[in-house]
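Encoded as structure tokens, the structure appears first; notes follow it.
Being a predicted model, the structure only gives us computed values, none of them experimental.
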Amino acid sequence: MTAIDQAWTGSRAYAEALSGPGRPLVLRTSTGRTLELDAARFTAPPDPVDRAVLDRCQGPTLDLGCGPGRLVAELARRGIPALGVDVAPAAVLLGRAAGATVLRRSVFGRLPGAGRWPHALLMDGNIGIGGDAAALLARVRGLIRPGDGELVVETEAEDVHENHVVTFETGGEPFGWTRIGTEALAAVAAGIGLRSIAQWSAGGRRFVALATA
């Protein structure tokens, strides 16, 4: 299990943010800067922006860092086979209670269907996982289907590429976290054999769809 997996697995702050919507979830960088995650969205029903992203998922879909499974549950309601992956026990329990199929596993661990998923998602800031966008994208490239597999990534709203070492504001072990915008993400993706096939903004949020080159 990686440092980030261990940090989120044992985080009381994350568990409390999931059980008490509206609680802030704050990361503190090694330089003292704070990064606030939109924890309220983790437990919110899919909004029109989310649903438009899910419209792209016309086959089995892997949601990486799925939290309490809000997007996985929505895909299931649409009749789309979907699997969510998250390391936090609280998230997995909530996801399963919501009717989502959720596996407690690291994004970097062994996952079912590797190389055969037509669709994958990194939503709600999950491109930050691991603090190394290239490593994360390379991992997901190995999970989606060659040729026509698609990964949709939600990026930062601004053009930025920052790698941080962070802890939860309430304490815990340090881990890597990335903030990256669409332009920087597309450049990183190109370096590992993923090409940008669509970029769009909606509701103040930005997205990029990637496919194997």
- Task: Would you kindly confirm whether V153 and I144 end up in one hydrophobic cluster when ILVMFWY residues are joined by side chain heavy atoms under 4.5 Å apart?
- Result: yes
- Item | pair I80-P60: side-chain heavy atoms closer than 4.5 Å | no
- Query: Roughly how far apart are R195 CZ and I197 CD1, rounded to 0.5 Å?
  - Reply: 6.0 Å
- With no hydrogens and no angle check, is any side-chain donor or acceptor of W117 less than 3.5 Å from a backbone partner on G59? no
- Could you tell me whether D38 and R205 have a side-chain N and a carboxylate O separated by less than 4.0 Å? no
- Note on the structure: In short, A73 meets A100 closest at the heavy-atom pair N-CB, 3.8 Å
- Item | Minimum-distance pair of heavy atoms, taken over all atoms of L111 and S106 | CD2-O, 3.9 Å
- Query: Does the R141 side chain pair with the main chain of T212, one donor and one acceptor, at a distance under 3.5 Å?
  - Reply: no
- Query: Would I129 and F108 count as a side chain to side chain contact (heavy atoms under 4.5 Å, CB included) if you check the C-alpha gap in whole Å, the side-chain angles of each, and the deciding distance to 0.1 Å?
  - Reply: CA-CA 10 Å; I129 293 172; F108 295 99; 4.0 Å; yes
- Task: Hey, could you give me the NE2/CG distance between H119 and L54, rounded to the nearest 0.5 Å?
- Result: 11.0 Å
- Keeping the roles fixed (side chain from T43, backbone from L18), state whether a donor-acceptor pair exists under 3.5 Å. no
- Task: Treat each ILVMFWY residue as a node, draw an edge where side-chain heavy atoms are under 4.5 Å apart, and state whether F175 and V87 are in one component.
- Result: yes
- Query: Between V152 and L143, is there a shared hydrophobic cluster once you connect ILVMFWY residues whose side-chain heavy atoms come closer than 4.5 Å?
  - Reply: no
- Message: Does this structure show an ion pair linking E74 with R70, if we count only N-O contacts that are shorter than 4.0 Å?
- Response: no
- Which distance, rounded to the nearest 0.5 Å, do you find between the CG of L35 and the CH2 of W177? 9.5 Å
- Query: So if you build clusters from Ile, Leu, Val, Met, Phe, Trp, Tyr with side-chain heavy-atom gaps below 4.5 Å, do L75 and L83 land together?
  - Reply: no
- For the pair R179 (side chain) and H164 (backbone), establish whether a donor and an acceptor sit closer than 3.5 Å, ignoring hydrogens and angles. no
- Task: With rounding to the nearest 0.5 Å, note down the distance linking CD1 in I127 to CG in L137.
- Result: 4.5 Å
- Gap between atom CD of E154 and atom CE of M123 - 0.5 Å precision: 5.0 Å
- Task: Among residues two or more places apart or on two chains, list those pairs meeting ring pair (Phe, Tyr, Trp, His ring centres under 6.0 Å) that have a residue in residues 178-213.
- Result: W200-F207
- Query: Within a radius of less than 6.0 Å around CZ of R33, do more than 12 heavy atoms belonging to other residues, nucleotides or ligands occur?
  - Reply: yes
- Query: Hey, does L122 have a side-chain heavy atom less than 4.5 Å from the side chain of L136?
  - Reply: yes
- Message: In the structure I gave you, are the side-chain heavy atoms of E16 and L25 within less than 4.5 Å of one another anywhere?
- Response: no
- Note on the structure: In this structure, CG of D63 is separated from CG of L103 (nearest 0.5 Å) by 12.5 Å
- Might you work through the side chain to side chain contact (heavy atoms under 4.5 Å, CB included) test for L210 and S196, ending with a clear yes or no? CA-CA 5 Å; L210 302 170; S196 172; 4.2 Å; yes
- Message: Taking L71's backbone N and O only, do any of them form a donor-acceptor pair with D50's side chain (distance below 3.5 Å, no angle check)?
- Response: no
- Task: Using atom types as modelled and distance alone, determine if a side-chain donor or acceptor of D86 lies under 3.5 Å from a backbone N or O of A91.
- Result: no
- Message: Donor-acceptor check, side chain of R139 to backbone of G109, threshold 3.5 angstrom: yes or no?
- Response: yes
- Heavy-atom pair with the smallest gap, counting every atom of A88 and Y14: CB-CE2, 3.4 Å
- Task: Please report the shortest heavy-atom distance between R51 and P46, naming the atom on each side.
- Result: NH1-O, 2.6 Å
- Message: Does any part of the side chain of Q6, heavy atoms only, come nearer than 4.5 Å to the side chain of E173, both counted from C-beta?
- Response: no
- Item | Residue that, paired with R206, satisfies salt bridge (Lys or Arg N to Asp or Glu O under 4.0 Å) out of E183, E158, E156 | E183
- Item | Heavy-atom pair with the smallest gap, counting every atom of G131 and T178 | C-OG1, 3.0 Å
- Message: Taking the side chain as everything from C-beta on, heavy atoms only, tell me whether Q58 gets closer than 4.5 Å to E150.
- Response: no
- Message: Hydrophobic cluster membership, with links at side-chain heavy-atom distances under 4.5 Å among I/L/V/M/F/W/Y: are V53 and L64 in one?
- Response: no
- Message: Under a 3.5 Å distance rule, please check whether R104 uses its side chain to pair with a backbone N or O of V85 as donor and acceptor.
- Response: no
- Is a donor on one side and an acceptor on the other found under 3.5 Å between the side chain of T167 and the backbone of P174? no
- V72 to A82 - nearest heavy-atom pair and separation: CG1-O, 3.8 Å
